[in-house]
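What follows is a short report on a single structure.
In the text below, chain A, chain B and the rest are named by the order of the sequence lines, each starting its count at 1. The shown structure was predicted, so the numbers you read here are calculated from the model rather than taken from an experiment.
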There are 2 protein chains.
Amino acid sequence: MTTASTDAALAILRSHGERVTAARRAVIEVLQPHDHLTADEIAARAEAAAPGVHRTTVYRALATLGEIGLIAHTHVAGSATIYHLTADSDADDHHELDHAHVQCTECGSLFNVEDRLLAPLADDLERQIGFRLDVHHAALLGVCARCQESVASD
Amino acid sequence: MTTASTDAALAILRSHGERVTAARRAVIEVLQPHDHLTADEIAARAEAAAPGVHRTTVYRALATLGEIGLIAHTHVAGSATIYHLTADSDADDHHELDHAHVQCTECGSLFNVEDRLLAPLADDLERQIGFRLDVHHAALLGVCARCQESVASD
DNA sequence: CTGCTTGCAAAGTGTTTGCAGGCCC
DNA sequence: GGGCCTGCAAACACTTTGCAAGCAG
């Protein structure tokens, strides 16, 4: 399950003139089953596939893979950025539909929002100020259903 | 220009059982003319009104004023949170319409987006998953018109 | 072999916390 | 005066950078 799509991703890596290393392979493999991991979580789990991978290396691998477009990241308010594979990186494409993230400022939970819901907004922005919105790049904030009884803060 | 609305804000502060101090007054005054300041920028400018105000104190003042609802903040990707007064805090209410922020991942520029554009999305989220969106709380990311010729990164 | 990648250490942001003293009410 | 606020120092979480050694191609 991992190997097939991982190899596809590595092939893309190579085709961009980048070297295939244990660290980069580990990062991709770790992201396969888990979509919302922080750099530290990735580093921790990568230990299994590539003992000794340093957090620094994970950050650098994430940057490289991100430039190529194999992975993307989402900024979440007040805590670590989360990373995920893009559809491109997954040969099997058994991926769920692309989605944006909304985060509850109370409990921190992340929810997925279908891109479709954000399309009208993106269109408006493009038309009005020429701004090309990337709906995946930052989490939208608010309060989830479960937390709406409690008071608000951050 | 500052004094009138500042006093109104301070009255609200007092009415919440909080003490009115030089540091808190300075934070409010500094935010009056400038809407998008980071904690550090606020601390730097507050020096004028209240010499010696420490960054730490600014953070604590911002937290307190935020809990009361006099100010709000917006998380921007990869850099410092920006703070602004809320409509409540401004007696004169000569405020521009409330707006959300979109940020260019290339040049870092911030743009305002009328809340109106985000209303349909907020409604959808509320209906579908009971999530109450706070459109002001995090900046949306994308690429501005001027930067769209260049390549992308972050 | 050439030089892209890595590991380590250290620095860099942005923000928070512990504690003693100071000021608002 | 009592206790909330402040200043200072230090710690904190996350991320980046410099440099010598290592491995991919």
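Atoms CZ (A:Arg25) and P (C:dT5) sit 14 Å apart, rounded to a whole Å. One can place CZ of A:Arg24 at 7 Å from C1' of C:dT5, the figure rounded to the nearest angstrom.
Under the salt bridge (charged side-chain N to carboxylate O under 4.0 Å, His left out) criterion, B:Asp134 pairs with no residue, sequence neighbours left out. Taking the side chain to side chain donor-acceptor pair (under 3.5 Å) definition, one finds that B:Arg25 meets it with nothing, sequence neighbours left out. With sequence neighbours left out, the salt bridge (charged side-chain N to carboxylate O under 4.0 Å, His left out) criterion links B:Arg19 to no other residue. Judged as a salt bridge (charged side-chain N to carboxylate O under 4.0 Å, His left out), and not counting sequence neighbours, A:Asp115 has no contacts. Listed by chain and number, the residues in a salt bridge (charged side-chain N to carboxylate O under 4.0 Å, His left out) with B:Arg14 amount to none (sequence neighbours excluded). Among residues two or more places apart in sequence or in another chain, the side chain to side chain donor-acceptor pair (under 3.5 Å) test is passed with A:Thr64 by none.
Connectivity analysis of hydrophobic side chains (ILVMFWY, heavy atoms under 4.5 Å, direct or indirect) links B:Leu110 to B:Val76, B:Ile82. When hydrophobic residues (I, L, V, M, F, W, Y) are linked wherever their side-chain heavy atoms come within less than 4.5 Å, the members clustered with A:Leu118 are A:Val102, A:Phe111, A:Val113, A:Leu117, A:Leu121, A:Leu125, A:Ile129, A:Phe131, A:Leu133, A:Val135, A:Leu140, B:Val102, B:Phe111, B:Val113, B:Leu117, B:Leu118, B:Leu121, B:Leu125, B:Ile129, B:Phe131, B:Leu133, B:Val135, B:Leu140.
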Short N/O separations, protein against nucleotides 22-25 of chain C, under 3.5 angstrom:
from: C:dC24; atom 1: O3'; to: B:Val20; atom 2: O; distance (Å): 3.4
from: C:dC24; atom 1: O2; to: B:Arg19; atom 2: NH1; distance (Å): 3.2
from: C:dC25; atom 1: OP1; to: B:Val20; atom 2: N; distance (Å): 2.9

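Heavy atoms of B:Thr81 sit under 4.0 angstrom from primed sugar atoms or phosphate atoms, though from no base atom. Across all strands shown, B:Thr38 has no heavy atoms under 4.0 Å from either base or sugar-phosphate atoms.
Think of the region where chain B sits on DNA chain D: with heavy atoms and a 4.0 Å cut, that region ends 5' and 3' at D:dG2 to D:dA9.
Within the 4.5 Å cutoff, no side-chain heavy atoms of A:Glu67 are placed close to those of A:His16. At least one side-chain heavy atom of B:His73 sits less than 4.5 Å from a side-chain heavy atom of B:His137.
Side-chain atoms of B:Ser109 do not come within 3.5 Å of backbone N or O of B:Cys104 as any donor-acceptor pair. Between the A:Gln148 side chain and the A:Val143 main chain, a donor and an acceptor come within less than 3.5 Å of each other.
Of all non-hydrogen atoms in B:His136 and B:Thr74, the two that sit nearest each other are O-OG1, 2.9 Å.
For DNA chain D, the residues of residues 44-63 of chain A within the heavy-atom distance limit of 4.0 Å (strictly under) are A:Arg55, A:Thr56, A:Tyr59, A:Arg60, sorted by number.
Note on the helix from C:dC1-D:dG25 to C:dC25-D:dG1: angle between the axes of the first and last five pairs equals 30°, rounded to 10 degrees.
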